[in-house]
Amino acid sequence: MTTIYLAGPEVFLPDAMPIMAEKRRLARQVGFEPTGPGSDENQTPVKRTAAEIYARNDDAMRRAEICLANITPFRGVSADPGTVYEIGFMIALGKAVFAYTNHPDDYGLRVRSIWYAGLDIDETSGRPRGPDGIAIENHGMADNLMVDGGVEATGGKVFRAAALPADPARDLAVYFEALETIAGMRADGSQLDGSR
């Protein structure tokens with residue numbers, strides 16, 4: 001079975017264990033062996049130090065063949081920073097990386113509507129700026145251009161919900177769509193090694 005590293009902030013949810021168990025079940029359903037945070041499902045939960053958690057995740061990323069990352073906005077307008085680190089690390093390792101988000105709006109729109117109450121257009125550059133003068137990235141991507149751009153530059157894809165689900169932190173429809181697409185790519189012989 002192809003090993004898939006499931007990156008995302010689900011470990012922080014109060015009902016993390018059943019959510020992650022369902023994500024693993026769906027991954028297996030389409031022929032992947034899931035790994036990553038919270039993947040030690042058949043063991044008694046053990047409290048680990050930050051260094052131990054990092055080492056386990058580092059090892060899992062190095063052994064995985066594919067990464068599927070949940071970049072649904074977490075505690076703000078952007079993806080979980082740990083997940084973004086994992087995306088970059090997997091890209092640097094030459095792995096196939098895919099991402100999904102349950103938020104349909106692009107990053108620039110979220111910044112403008114959630115973070116800033118007012119918006120100015122810089123007359124020199126034409127770039128949108130918040131009331132503090134800081135430019136707003138406006139490329140139509142799901143998250144920061146380095147996240148989407150990195151995934152796409154290595155042959156991956158960013159999957160986006162068509163509409164905001166009732167519970168974006170727990171909805172698995174786009175996740176399952178991504179799994180099925182990646183499994184289909186693997187079945188038809190598409191290169192899934194992160195090659196550029």
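One-based numbering along the sequence shown.
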Next on the checklist: Using side-chain contact (heavy atoms from CB on, under 4.5 Å), reason through His103 and Leu164 one step at a time and then give a plain yes or no.
Outcome noted: CA-CA 5 Å; His103 205 296; Leu164 189 65; 3.8 Å; yes
Next on the checklist: Is there a side-chain contact (heavy atoms from CB on, under 4.5 Å) between Glu65 and Ile4? Walk through the geometry before answering.
Outcome noted: CA-CA 6 Å; Glu65 298 163 74; Ile4 189 166; over 6 Å; no
Next on the checklist: Determine whether Phe32 and Leu179 satisfy the following criterion, side-chain contact (heavy atoms from CB on, under 4.5 Å), listing intermediate values before the conclusion.
Outcome noted: CA-CA 9 Å; Phe32 293 115; Leu179 282 174; 4.0 Å; yes
Checklist entry - Would Tyr100 and Leu68 satisfy side-chain contact (heavy atoms from CB on, under 4.5 Å), going step by step from the backbone distance to the final call? => result CA-CA 8 Å; Tyr100 72 94; Leu68 177 54; 3.9 Å; yes
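Ion pair Arg170/Asp167 flagged as a salt bridge, since at least one NZ, NE, NH1 or NH2 atom sits closer than 4.0 Å to an Asp/Glu carboxylate oxygen. Looking at Glu10 and Lys23, a side-chain N of the basic residue comes within less than 4.0 Å of a carboxylate O on the acidic one, giving a salt bridge. A salt bridge links Glu33 with Arg28: the closest approach of a Lys/Arg side-chain nitrogen to an acidic carboxylate oxygen falls below 4.0 angstrom.
Using a distance-only test at 3.5 Å, with no hydrogens or angles considered, no donor-acceptor pair links the side chain of Asp106 to the main chain of Met141. Side-chain atoms of Arg110 come within 3.5 Å of backbone N or O of Asp105 as a donor-acceptor pair. A donor-acceptor pair under 3.5 Å is formed between the side chain of Thr154 and the backbone N or O of Gly150. Here the side chain of Asp80 pairs no donor or acceptor atom with the backbone of Gly8 at under 3.5 angstrom. Using modelled atom types, no side-chain atom of Arg25 and backbone atom of Ala21 make a donor-acceptor pair closer than 3.5 Å. Panel note: side chain Lys95, backbone Ala64; a donor-acceptor pair is recorded below 3.5 Å.
Both Phe176 and Ile182 are members of a single hydrophobic cluster when ILVMFWY side chains are connected at heavy-atom separations under 4.5 Å. By the criterion of side-chain heavy atoms lying less than 4.5 angstrom apart, applied directly or through intervening Ile, Leu, Val, Met, Phe, Trp or Tyr residues, Met1 is not grouped with Val30; the two fall into different hydrophobic clusters. Under a hydrophobic clustering in which Ile, Leu, Val, Met, Phe, Trp and Tyr are joined whenever their side-chain heavy atoms come within less than 4.5 Å, directly or via other members, Leu145 and Ile136 fall into different clusters. In the hydrophobic clustering of ILVMFWY residues, with side-chain heavy atoms under 4.5 Å counting as a link, Leu26 and Val174 come out together.
Atoms CZ and CG, from Arg63 and Asp58 in turn, are 10.5 Å apart once rounded to the nearest 0.5 Å.
Of all heavy-atom pairs spanning Asp148 and Asp143, the tightest one is OD1-N, 2.9 Å. When all heavy atoms of Leu6 and Pro37 are compared, the pair lying nearest together is O-CD, 3.5 Å. Listed here is the closest heavy atom pair of Ala162 and Pro104: O-CB, 3.7 Å. Nearest heavy-atom pair, Asn57 versus Gly36, reported as atom, atom and distance to 0.1 Å: OD1-C, 4.1 Å. Smallest separation of non-hydrogen atoms from Val151 and Val97: CG1-O, 3.3 Å. Summarising the geometry of Thr72 relative to Pro168, their closest heavy-atom pair is CG2-O, 4.0 Å, with the distance given to 0.1 Å.
Annotation: side-chain hydrogen bond (donor to acceptor under 3.5 Å, both in side chains) contacts involving residues 173-184, sequence neighbours excluded, are absent.
Using a 3.5 Å distance cut-off with no hydrogens or angles, the side chains of Arg160 and Asn102 do not pair a donor with an acceptor. For the residue pair Tyr107 and Glu137, no side-chain donor N or O sits within less than 3.5 Å of a side-chain acceptor on the partner.
Clustering of Ile, Leu, Val, Met, Phe, Trp and Tyr by side-chain heavy atoms under 4.5 Å joins Ile19 with Leu13.
The shortest distance between side-chain heavy atoms of Thr2 and Ile66 falls below 4.5 Å. Considering only heavy atoms from C-beta on, Phe74 stays 4.5 Å or farther from Thr83 through its side chain.
At least one test fails for Arg48 against the ring of Tyr54: distance under 6.0 Å to the centre or angle within 45° of the axis. Both the sub-6.0 Å distance and the 45° axial angle are not jointly satisfied by Arg62 relative to the ring of Tyr5.
For the ring pair (Phe, Tyr, Trp, His ring centres under 6.0 Å) test, residues two or more places apart in sequence or in another chain that qualify with Phe89 are Tyr85.
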